[in-house]
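Residue numbering restarts at 1 for every chain, and letters A, B, ... go by the order of the sequence lines.
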2 protein chains.
Amino acid sequence: MIVEHGFEGLSMHKLAKAAGVSVATIYIYFRDREDLIQQLYAEEMQKMVEATLRDFNPESHFDEGLKVQWLNRMNYCFENPYSMFFTEQVKHSPLFDRSNIDTRFLHAMHLFVHRAIERNEIIPLPVEIYWSIAFAPLYQLVKFHIAKSSMPGRPPFILDEEKINLTLSLVIKALKP
Amino acid sequence: MIVEHGFEGLSMHKLAKAAGVSVATIYIYFRDREDLIQQLYAEEMQKMVEATLRDFNPESHFDEGLKVQWLNRMNYCFENPYSMFFTEQVKHSPLFDRSNIDTRFLHAMHLFVHRAIERNEIIPLPVEIYWSIAFAPLYQLVKFHIAKSSMPGRPPFILDEEKINLTLSLVIKALKP
DNA sequence: CAAATATAAATGAACGTTCGTTTATTTATC
DNA sequence: GATAAATAAACGAACGTTCATTTATATTTG
C-alpha cells in the first residue's frame, strides 16, 4: 500500500480488510499506525543488512570486500524491490529516525575501512567521504535499473554484473592511493 | 508542512488557515491537492535546475564544469534545505513522475559529457554510470551534512569547500582515462 | 473424560475528527 | 452594473482509535 500509494495509501481500515482481519486486531500487535510503520521499517532494514553482510569478511582485502557488498546489495534490491522502495521512502520522510541505525552494520563497516587503510589498500578519508564514493554510485545505479527507463528518450538501463564490475573498478580507482 | 510532517501533514484546511485564506480559494488556483503538490514540485525543481546551471558552460573543460555544478548544487541545497527535503521526498514517493524531468537540463548535461569524452578528458561510459559516479557522491555528502550527525556516535559532519574539492578530485580521478 | 472455568485472541460497531471538495453567496474591482 | 475573486458553510466519506462483546484456546476440576 505504501509503495503503491504513499504513506497516505496505508489506512488501518484498508489494511485490515486486505489482511482479512478486524481493525481492532491490528491494535493488539501494534500500538498505533506509526508504530506499525516503524516496526515494518526496522524489520525490512534488518533483513537488508543481513543480506548485505552475507559472506562478507571485514578483514578481507578492500576490493574483494567491496565487491561482495555491492553484489549482495544489488541482488537484494532486485529480489525485493518493494522492500527497497519502502525503506527509501521512509528514509526520505520525516518518519526517519537516524538514531535507530543498525550498529552491528556500522561496526563491521568501520572495521573494514580501517583495516583497508592500515594495509594501504585505500587512502585515508573521513568515513562520510569514503561512504559517498564507495556506495552512493551503487545506489544510484540500482535506482536507475528499477526505474527501468532511467532518462526519458533513452533506452532502458539494465544493470548487470558487467556494469557493476565496471563501476566498481572506477570507484576502487578513486579510492586507491 | 510536508517537510515537517510528510505528505499527510499537508491538508487543505490547515494550509488555508496557515495562508490566511479560505479553503475554497485554494481551489481557484489548483485543481486539487495533488495538482498543488505537483505544481510546487515543478516550481522547486525548476529553481534548482536554474541554480545548478548558473555560470555553467557545457563546452568548458570537464574538471571545471563539474566543479561549477557541484558548488552550485551544494550551495543551493544549503540555502534551501526545505526545497531539498521536499523534492527528495517527492522523488522517493509514488507521486514522482519520471517523465516530467526537465529536458533543458538533460540536454546541457549530455552535451557536456559528450564534449568531455570527445576531448578525451574522461573515459567513455554509459550516461547512467557517469552520472552515478559524478553526482551521487555529492548528493550523499549533502545529505550527511544536512543530517548533521551523519552516523550515531560520530562528530557531526560539516561539508565545506575543502571536503568538496577532495571528493571532487577523487571522482575526477575515477573518470579520467 | 467431560464439564467448568480462566485466559487469551479476535471481533463488529461505534466514536468523534478530519479529510478533500463543492456550492451558493458575498465582496472587491473595473 | 458587470466581471472576477474570495468566502463561509456544508457535504459525505474516510480517517485512527477504542470498547464492550464474542470466539477460541488452555487449564483446572469433579
Which protein N or O atoms sit under 3.5 Å from an N or O of nucleotides 17-22 of chain C?
| from | atom 1 | to | atom 2 | distance (Å) |
| --- | --- | --- | --- | --- |
| C/dC19 | OP1 | B/Ser11 | OG | 3.2 |
| C/dG20 | OP1 | B/Leu10 | O | 3.4 |
| C/dG20 | OP1 | B/Arg33 | NE | 2.8 |
| C/dG20 | OP2 | B/Met12 | N | 2.8 |
| C/dG20 | N7 | B/His13 | NE2 | 3.0 |
| C/dG20 | O6 | B/His13 | NE2 | 3.3 |
| C/dT21 | OP2 | B/Tyr27 | OH | 2.7 |
| C/dT21 | OP2 | B/Arg33 | N | 2.9 |
| C/dT21 | O5' | B/Tyr27 | OH | 3.3 |

Under-3.5 Å N/O pairs linking protein and nucleotides 25-30 of chain C:
none

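Ring pair B/Tyr41/B/Phe96 is perpendicular by interplanar angle, where above 60° counts as perpendicular and below 30° as parallel. Using a 30° and 60° split on the angle between ring planes, B/Phe112 and B/Phe56 fall in the perpendicular class, above 60°.
Between B/His5 atom NE2 and D/dC15 atom P the separation is 21 Å, expressed in whole Å. Remark: P of D/dC15 and CD1 of A/Ile26 are 12 Å apart, rounded to the nearest angstrom. For the pair A/Ile28 CD1 and D/dT17 P, the computed distance is 15 Å after rounding to whole Å. Here D/dG16 presents its P atom at 14 Å from CG of A/Asp35, a figure rounded to the nearest Å. For B/Lys17 and D/dA6, the NZ to C1' distance is 17 Å, given to the nearest whole Å. Residue B/Phe30 contributes atom CZ, which lies 12 Å from atom P of D/dA6 at whole-angstrom precision.
A side-chain N or O of B/Gln39 and one of B/Asp35 form a donor-acceptor pair less than 3.5 Å apart.
Counting non-hydrogen atoms of other residues, nucleotides and ligands closer than 6.0 Å to OH of A/Tyr82 gives a total of 12 or fewer. Residue A/His107 places its NE2 atom among 12 or fewer non-hydrogen atoms of other residues, nucleotides or ligands, all under 6.0 Å distant.
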field: Working for salt bridge (Lys or Arg N to Asp or Glu O under 4.0 Å), residues B/Arg115 and B/Glu118
entry: CA-CA 5 Å; B/Arg115 282 276 184 282; B/Glu118 280 167 21; 3.7 Å; yes
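The salt bridge (charged side-chain N to carboxylate O under 4.0 Å, His left out) search around B/Lys91 returns B/Glu88, not counting sequence neighbours.
At the heavy-atom level, B/Tyr29 lies under 4.0 Å from the strands shown only through sugar-phosphate atoms.
Judged by a 6.0 Å distance limit and a 45° cone about the ring axis, A/Lys163 is not positioned over the six-membered ring of A/Phe144.
For the pair B/Lys67 and B/Glu64, the salt-bridge criterion is not met [side-chain N within less than 4.0 Å of a carboxylate O].
Within the 4.0 Å cut-off from OP1 or OP2 of D/dT7, at least one side-chain nitrogen or oxygen of B/Thr25 is found.
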